[in-house]
Amino acid sequence: MLQVNFIKANREEVLKGLKKKNFLETSLIDNIIALDDERKKLQFELDERQSKINTFSKEIGQLMAKGEIRLAEEKKMEVASLKGLLQPVSEQLNVVEKSLHDDLIKLPNLPHTSVPEGKTPEENEIVREGGEKPALPKGALAHWDLAKKYDLINFEIGNKVTGAGFPFYKGKGAKLQRALIHYFLDFNTEAGYTEYEPPFMVNEASAYGTGQLPDKEGQMYHATADNLFLIPTAEVPLTNIYRDEILKEDELPVKMTAYTPCFRREAGSYGKDVRGLNRVHQFDKVELVQLVHPDKSYEVLEEMLLHVEKLLQSLNLPYRILRLCGGDMSFTSALTYDFEVYSAAQEKWLEVSSVSNFEAFQTNRMKIRFKADGKTQLVHSLNGSSLALPRIVAALLENNQAEDGILLPQILHSYFGGGKI
RNA sequence: GGAGACUUGUCCGAGUGGUUGAAGGAGCACGCCUGGAAAGUGUGUAUACCUGCAAGGGUAUCAAGGGUUCGAAUCCCUUAGUCUCCGCCA
């Protein structure tokens with residue numbers, strides 16, 4: 001959520017940013033400014049009237065104490081009429097505050113200056129590439145065929161037991177999941193991230209805090225009996241740990257990592273993009289979250305980028321890094337880098353990580369602040385995947401397939417208990 | 001799931017209708033004292049919003065929300081959480 005004062009002080013800049021982000025409902029801005037002015041006026045009026053009532057009430061107390069009942073009764077009458085004036089102002093203020101808030105949460109975050117113009121994924125900017133695309137033998141198989149051949153993942157049983165998009169991992173397939181999760185977590189904790197195992201369901205306030213609600217409500221699984229949401233990413237529980245907290249400056253940066261399954265309804269997805277592991281409803285992911293001093297967030301973003309890049313390099317996967325264009329970025333992000341790995345048998349790039357700086361957009365909603373020199377201000381939040389497993393698994397299987405098996409990268413051998421599937 | 005007790009500031013804790021945003025203590029910060037430290041001592045120490053150039057002033061907040069009242073931390077209702085006992089259970 002953008003800060004009203006910022007919008008007021010930087011109207012032109014905000015409008016430019018929204019345009020870059022391909023957000024067209026720009027009339028909201030002037031609406032918000034007008035509503036905030038209205039809010040201030042009403043607040044002032046309300047405070048004044050309340051103040052008068054408070055003064056009178058105190059006087060009544062003193063009169064009662066002195067036994068001057070009649071005077072006290074007269075005052076009571078006066079206060080009663082003042083209260084009549086209070087209520088309409090208070091109601092109006094509530095209405096204005098609600099409209100203001102409703103408008104504010106419709107505004108996406110503003111893009112960083114380095115975000116390229118553009119509306120579609122094709123306009124994302126390739127920052128750099130790394131690794132080598134393998135030359136696969138003739139008749140190389142896609143991961144869904146490899147999964148079947150080596151009995152690693154069973155999609156059909158998943159369909160039967162739960163539904164489409166809920167695969168079973170089996171045998172070495174299951175063990176590979178465990179090995180990857182274990183390795184990723186170790187890699188992150190060695191870099192100073194604190195490991196968490198959070199709940200896999202969150203309440204409404206948390207889903208709202210990180211921005212899943214209200215605009216992505218249909219994308220989450222909702223356990224209505226208890227009004228809990230299955231997390232679409234560990235970012236939600238992790239970031240919400242600090243909701244409504246004021247940190248000390250020396251507690252920053254807060255670096256957290258967690259493995260969780262992620263649940264996504266993916267309503268509206270279809271076709272070949274959803275084949276195999278390309279898009280599933282439940283998948284495993286290890287996530288990184290940082291809460292940092294606002295002056296440091298872009299420095300930290302680059303640091304996280306390098307961190308994820310090193311992780312991918314250690315897996316020997318061909319990858320590329322994209323800087324997302326304004327129109328392809330998420331609602332909450334100010335700057336996002338996507339990592340894609342090359343899936344050699346499918347001959348396409350698969351997104352495996354998204355590293356973003358949200359600046360104060362999330363923390364303004366969640367009121368995550370820090371105090372320095374007596375002043376309280378919002379921290380910046382960042383997150384990134386390290387990594388999402390299914391597409392990593394797809395690429396590992398496809399890119400490393402050989403005549404007699406799949407050869408895993410060296411780094412996984414100790415975690416997997418062997419080098420070959 | 002049933003019965004009961006409870007939820008106050010960074011922490012402990014007082015407070016059952018009237019200058020209580022909240023006693024007292026601890027912690028923390030700054031100063032004094034000291035060769036230095038400890039002890040002692042003085043001062044300060046919540047958040048949000050409104051107003052003001054500022055100093056300051058005002059409003060709200062004692063789990064959350066609502067209600068009663070001229071006035072609520074204190075009374076009533078709803079919700080959440082904590083603890084104890086019982087039940088159930090990986």
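For the numbers below, each heavy atom of this structure counts, side chains included, while hydrogens, waters and symmetry mates do not. In what follows, chains carry the letters A, B, and so on, assigned in the order in which the sequence lines appear, proteins first and then strands, with residues in each chain numbered from 1.
One atom, CG of N203(A), and another, C1' of A63(B), lie 15 Å apart when rounded to the nearest Å. Distance CZ (R243(A)) to C1' (A64(B)): 13 Å, rounded to an integer number of Å. Remark: P of G27(B) and NZ of K248(A) are 15 Å apart, rounded to the nearest angstrom. Look at CG on D226(A): it is 10 Å from P on A80(B), rounded to the nearest Å. Distance CE (M64(A)) to P (U69(B)): 14 Å, rounded to an integer number of Å. One can place CG of L228(A) at 10 Å from P of G81(B), the figure rounded to the nearest angstrom. When rounded to the nearest whole Å, the span between CD1 of I53(A) and C1' of G18(B) equals 16 Å. Distance K66(A) NZ to G18(B) P: 17 Å, rounded to the nearest Å.
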If a protein heavy atom is under 4.0 Å from the base, mark B; if only from the sugar-phosphate, S; if neither, -; do that for nucleotides 45-59 of chain B going 5' to 3'. -SSSSSS------BS

Could you pull out all donor-acceptor pairs under 3.5 Å where a side-chain atom in residues 55-62 of chain A meets a protein atom, sequence neighbours excluded?
unit_1: T55(A); atom_1: OG1; unit_2: S51(A); atom_2: O; d: 2.8
unit_1: S57(A); atom_1: OG; unit_2: I53(A); atom_2: O; d: 3.0
unit_1: E59(A); atom_1: OE1; unit_2: K75(A); atom_2: NZ; d: 2.9

What pairs of donor and acceptor atoms, side-chain ones from residues 409-421 of chain A against any protein atom, are under 3.5 angstrom apart with sequence neighbours left out?
unit_1: H413(A); atom_1: NE2; unit_2: L408(A); atom_2: O; d: 2.8
unit_1: H413(A); atom_1: NE2; unit_2: P409(A); atom_2: O; d: 3.4
unit_1: Y415(A); atom_1: OH; unit_2: D186(A); atom_2: OD2; d: 2.7
unit_1: K420(A); atom_1: NZ; unit_2: D404(A); atom_2: OD2; d: 2.9

Side-chain donor-acceptor distances from residues 326-333 of chain A under 3.5 Å, at least two apart:
unit_1: D328(A); atom_1: OD2; unit_2: N124(A); atom_2: ND2; d: 3.0
unit_1: S330(A); atom_1: OG; unit_2: T332(A); atom_2: OG1; d: 3.4
unit_1: S330(A); atom_1: OG; unit_2: S333(A); atom_2: N; d: 3.4
unit_1: S333(A); atom_1: OG; unit_2: L335(A); atom_2: N; d: 3.2
unit_1: S333(A); atom_1: OG; unit_2: L335(A); atom_2: O; d: 3.3
unit_1: S333(A); atom_1: OG; unit_2: T336(A); atom_2: OG1; d: 2.6

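Checked by atom type and distance alone, the side chain of N10(A) pairs as donor or acceptor with a backbone atom of F6(A) at under 3.5 Å. Put simply, the side chain of N188(A) gets close to the backbone of F184(A): a donor and an acceptor are under 3.5 Å apart.
Of the C1' atoms belonging to A22(B) and A72(B), the separation is 13 Å, rounded to the nearest Å. With P as the reference atom, G9(B) and A46(B) are 13 Å apart, rounded to whole Å. Between the C1' atoms of A80(B) and G21(B), the separation comes to 25 Å (whole Å). A gap of 15 Å separates the C1' atoms of U8(B) and G81(B), to the nearest Å. Rounded to whole Å, the P atom of U19(B) lies 44 Å from the corresponding atom of U34(B). The gap from the P atom of C62(B) to that of A26(B) amounts to 27 Å, rounded to the nearest Å. Across C28(B) and C11(B), the matching C1' atoms stand 11 Å from one another, rounded to whole Å. Here, U74(B) and G15(B) have their C1' atoms 8 Å apart, quoted to the whole Å.
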Pairing string of RNA chain B (Watson-Crick or G-U wobble, both atom distances under 3.5 Å; | = paired to other strand) is ((((((((.[[[..)..(.....]]]((((((.......))))))((((((....)))))).[[[[[..)....]]]]])))))))....

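Note on D37(A) versus K40(A): no salt bridge recorded, every NZ/NE/NH1/NH2 to OD/OE distance being 4.0 Å or above. Taking 4.0 Å as the cut-off between side-chain N and carboxylate O, K76(A) and E73(A) count as a salt-bridged pair.
Taking the six-membered ring for Trp, Y193(A) and H307(A) have ring centres closer than 6.0 Å.
Identified under the side chain to side chain donor-acceptor pair (under 3.5 Å) test for residues 230-248 of chain A, with sequence neighbours left out: S206(A)-R243(A), T233(A)-K285(A), E235(A)-Q362(A), E235(A)-N383(A), N240(A)-R243(A).
V308(A) approaches S386(A) most closely through the heavy-atom pair CG2-CB, 4.4 Å.
Within the 4.0 angstrom heavy-atom criterion, no nucleotide atom of any strand lies near M77(A).
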